[in-house]
Protein chains: 2
Amino acid sequence: MAKKRQVTLTDIAATLGVAPMTVSRVVNRNGYVSDETREKVLQAVKTMNYRPNGVARNLKRQRTETVGLVLGDISNPYSAELANAVRERLWSSGYNLFICISEHSATEDITAFESLVDHNVDGIIVATRSNEEGDEHLRDIVDSNMPVVVIGRDFQYEGVDHVAADNLTGGYEATQHLIDLGHRRIGFIGADIKNRGSLKRLQGYLNALKTHDIEVDERLVTGRKEAISGVPGYSTEKMGYEGMKRLLSLPNPPTAVFARNDFTAIGAMTAIKEAGLGIPGDIAIVGFDDIPMATHTSPPLTTVRQPMRLQGQLAAEMLLRRIGDEETPERKERILNCELIIRESTVLPG
Amino acid sequence: MAKKRQVTLTDIAATLGVAPMTVSRVVNRNGYVSDETREKVLQAVKTMNYRPNGVARNLKRQRTETVGLVLGDISNPYSAELANAVRERLWSSGYNLFICISEHSATEDITAFESLVDHNVDGIIVATRSNEEGDEHLRDIVDSNMPVVVIGRDFQYEGVDHVAADNLTGGYEATQHLIDLGHRRIGFIGADIKNRGSLKRLQGYLNALKTHDIEVDERLVTGRKEAISGVPGYSTEKMGYEGMKRLLSLPNPPTAVFARNDFTAIGAMTAIKEAGLGIPGDIAIVGFDDIPMATHTSPPLTTVRQPMRLQGQLAAEMLLRRIGDEETPERKERILNCELIIRESTVLPG
DNA sequence: GCGGAATAAGTTAACGTTAACTTATTAACA
DNA sequence: TGTTAATAAGTTAACGTTAACTTATTCCGC
C-alpha cells in the first residue's frame, strides 16, 4: 500500500558530503552555490532520481499555490467554460487549479471540500448547488480561515464572496419573451415546482406569469423531484426529452416552453420533432445558458445568455483578494446580468 | 500572503493538559480515550476551530488517498463522462479525484503533472494528447515511482498502463460506411493531414480510402494546423462549421464528411444547412464519440461510439492495481472496440 | 489470587523540507 | 589599509502530525 521510500534531499546531501540546504539551494535555484557544487548536485539528482517532496515543502512553506474548484454538472458546457475562465485567471497569478466534482449529494460536497482542505489549497471556489449539510461544512471551513468564494450557490455567509448570474430576471425575461409573442400556455421543464425556493429561474418564470395574471398550471411544470439527499439535481437533455413528451401528452399541451438550461431545451426539441410538430410554429422554446451548441440546433435556440466567463473571472479575482489579504475582507456579492438571445426557436426569420 | 497561523493539535493538547496523541486519538477515532477526556477534546476542537493539518498528516502517513486526472478538452462531453467513470470507480475504493486541465500546450501538461506530484497524489491518470516535452516529464515522474495510467495517449513506457479506444478502426469503419453508401468524395474535418501520425482517426480514414483505391484529395482534409507548441489541439464545433464552409466552397465539394468528433460534426451540420443543403441527401456526415447530444441533432447523427465509461473504469482499476502493488506490475494495454452507430445523418429512415 | 487482555494514557522520534541565522572567505571601493 | 558587500557554505530548529512503543491501572476468567 505504501509507496517505496523515495530518495530525499538529505540522501543526496549525505552522498555528496554537503549540507541538505545546499542541495535545496541548487534544486530551488536560490541562494549561492558554486558552479562545481551545483554540477555535482544536479548530477546526483539525476542519477538518484530525486524528486522534491512537495508535501514536506508545503508543510514548511505553508503555501501551495493551488486553488480548488468544486463543480456540479461537468457534462454541461457551462461548467467547462467556467472552469477555463477560473483557471486562466489563476494561472496568470501563478496558481494551479484542482477541480473536484460533486454531482449528486451533500456527501460528495463534503468529500470534495475536505479533500481540498486536506491538501491545504490556498482557497476554494464552490460552484455546486446549495444543500444544508454542505453549507454547514463550508461554514466550518471558512471559520478556520480558508478563503472561499461561491458561484451561483445560494449561500450567504460573512467572509464568503458570492458571484452569480441573475437567474431570477433571466427566467422572468425568458417567460416575458414568450408572453410577448402571445403565448399563454407556457411550460417549464427541468424541475419540480416544489423547488421554486432554490431555483431562481423557476421563480422568475412564475413571477412573469403572475405579473400578467396568467394562472399557474402546475401540470405545465415538470422535472425530477428532489433527490433523497435534498439536492434538486441537475437537468439534462434526457430530462428535457421526457419532460416534453409528458407535456405533449397533456389534454391541453403548452404552446411554448421555457427549459431550465440549453441541454434540457435540446432534448425537448427532439421530442417536439418526433411528435411531428414544428418549432416555433407549433411550440416555441427557450433555453438558458447560451452554450456554444445553442447556435447549432435546428432551429437555432432562443436562450438566456449567462456570463460564464465573467463569473469565473470575477470569482477567481475575489478569491485572490482573499488569499492575498491578511485581514478577512468584507463580503462581496456580484449578481451579473443575463441577456436574452433571440434565435429561431421562438421567432421565425424575416 | 501566508495564511494566519491555525490552531494545531498541540495547542489543544496544551490547553487541556493532555498529550497531543490523545487529541489525535479523539479526532481520528482511533485507540482508547475515556469518555470524559473525549468530551473535553471535542469541545475544545469546536471552541478553538481546530482543523487537522492534512499536509502534516500526509507527510507522516505517506499516503493521500487522492488520485489526479489530467484532461484536455473538458468542453467535450467525452471528458465529462470519462471523469465521472474514473471518479465513481475510485470513490468505491476510498479515493478522491483531483482533475487538472491541460488544453493547449506541453507547458500546461507539465504544470498539471508537477502540481499533482507536489501534492503527493497516490497516482495519476493522464488523458491528454501526447507531446514530447510532456512525455519526457511523465517518464521522469514514473521513474520516481509514481503510478501512472494513460488514456488515449500515444505514450509507450514500461510501467505505464495504456487504455484507448481503437480510433484507427473506428475511423476506418466510419469512412467505410460512407464508401458502402456509394460516396467517393469524402472529406475529413478536424485536423491537418500532417497530423496523420498522431491522429488515428485520420489515419483510419486514409486507410479506408486507400483500401478502396480512392485517391486522397488533400483539399478534402481540413483543420487547424499544429499549434506552436506542437500540440495538434482539440476540435470544436466552431472548427466543424468553418471547415465545412471551406469544403463547400471547393469547386468539387465532397458528398460526405467524416468529422473528428461529434462536436465538430454538429458544427459542420449547421454550415450545411446554412448553405441550403440537405443531410444526408446532399451531404452525409459521420461524427465520432456518440456524445448524448448526438441523438438530438437534426437529423440524428451517425457516429462511432467510443466506450468512454469503460475506458475510465479500466484506467481507474489499472491505477488502483499499481497503487496497491509493492512491485511495479508489468505494463498493460487495452485497446477497446468502437461501434458504428448508424442514424439519419447518413441513411434516411425506412 | 494470579495471569492475561483491555483500557487509558504518555513518550519518542520521524516524515522531508526550508526560513532564518551564523560563519568564513574574497572582492571591490574609498 | 580598512570597511562593506558578495559569495559560499553550514547549523538550528521548526512546520503539525502520528506510528511505534512504553507504562500504569483495571477487569475478567480460571
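Only heavy atoms go into these numbers, but all of them, side chains included; no hydrogens, no water, no symmetry mates. Every chain is numbered from 1 and lettered A, B, ... according to where its sequence line falls, protein lines coming before strand lines. These numbers come from a predicted model, not from an experiment.
Looking at heavy-atom distances under 4.0 Å, B:Thr10 makes contact with a base.
Screening A:Thr66, A:Ile125, A:Val121, A:Leu90 for a side chain to side chain contact (heavy atoms under 4.5 Å, CB included) involving A:Leu97 leaves a single residue, A:Leu90.
Taking only side-chain nitrogens and oxygens, B:Ser24 never comes nearer than 4.0 Å to OP1 or OP2 of D:dT17. Taking side-chain N and O atoms only, A:Asn58 has no distance below 4.0 Å to OP1 or OP2 of C:dT17. Put simply, B:Asn53 has no side-chain N or O that comes within less than 4.0 Å of OP1 or OP2 on D:dC15. Listed pair B:Arg61 / D:dT18 fails the phosphate criterion, with no side-chain N or O lying under 4.0 Å from OP1 or OP2. Residue A:Gln62 places at least one side-chain N or O under 4.0 Å from the OP1 or OP2 atom of D:dG16.
Residues satisfying the ring pair (Phe, Tyr, Trp, His ring centres under 6.0 Å) criterion with A:Phe98, sequence neighbours excluded, are B:Phe98, B:His119. With sequence neighbours excluded, the residues satisfying side chain to side chain contact (heavy atoms under 4.5 Å, CB included) with B:Ala13 are B:Val18, B:Pro20, B:Val23.
If you measure from atom CG of A:Asp118 to atom P of D:dG16, you get 15 Å, rounded to the nearest angstrom. Between A:Leu59 atom CG and D:dG16 atom P the separation is 7 Å, expressed in whole Å. As a whole-Å value, the separation of B:Arg57 CZ from C:dC15 C1' is 14 Å. Protein atom CG of A:Asn30 is 12 Å distant from nucleotide atom C1' of C:dA20, rounded to whole Å. The interatomic distance linking A:Asn120 (CG) with D:dT17 (C1') rounds to 12 Å, in whole Å.
Within the structure, salt bridge (Lys or Arg N to Asp or Glu O under 4.0 Å) pairs that include any residue of residues 42-56 of chain A comprise A:Arg51-B:Glu114 (at least two apart or interchain). The salt bridge (Lys or Arg N to Asp or Glu O under 4.0 Å) contacts involving residues 140-152 of chain B comprise nothing, where partners must be two or more places apart or lie in separate chains. Residue pairs meeting the salt bridge (Lys or Arg N to Asp or Glu O under 4.0 Å) criterion with at least one partner in residues 15-35 of chain B, sequence neighbours excluded, are B:Asp35-B:Arg38.
Side-chain contact annotation: B:Asn58 with B:Thr64, donor-acceptor N/O pair under 3.5 Å absent.
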With the sugar-phosphate defined as primed atoms, P, OP1 and OP2, and the base as all remaining atoms, what B/S/- string results for nucleotides 5-14 of chain D, 5' to 3', for protein heavy atoms under 4.0 Å? --BBBBB--B
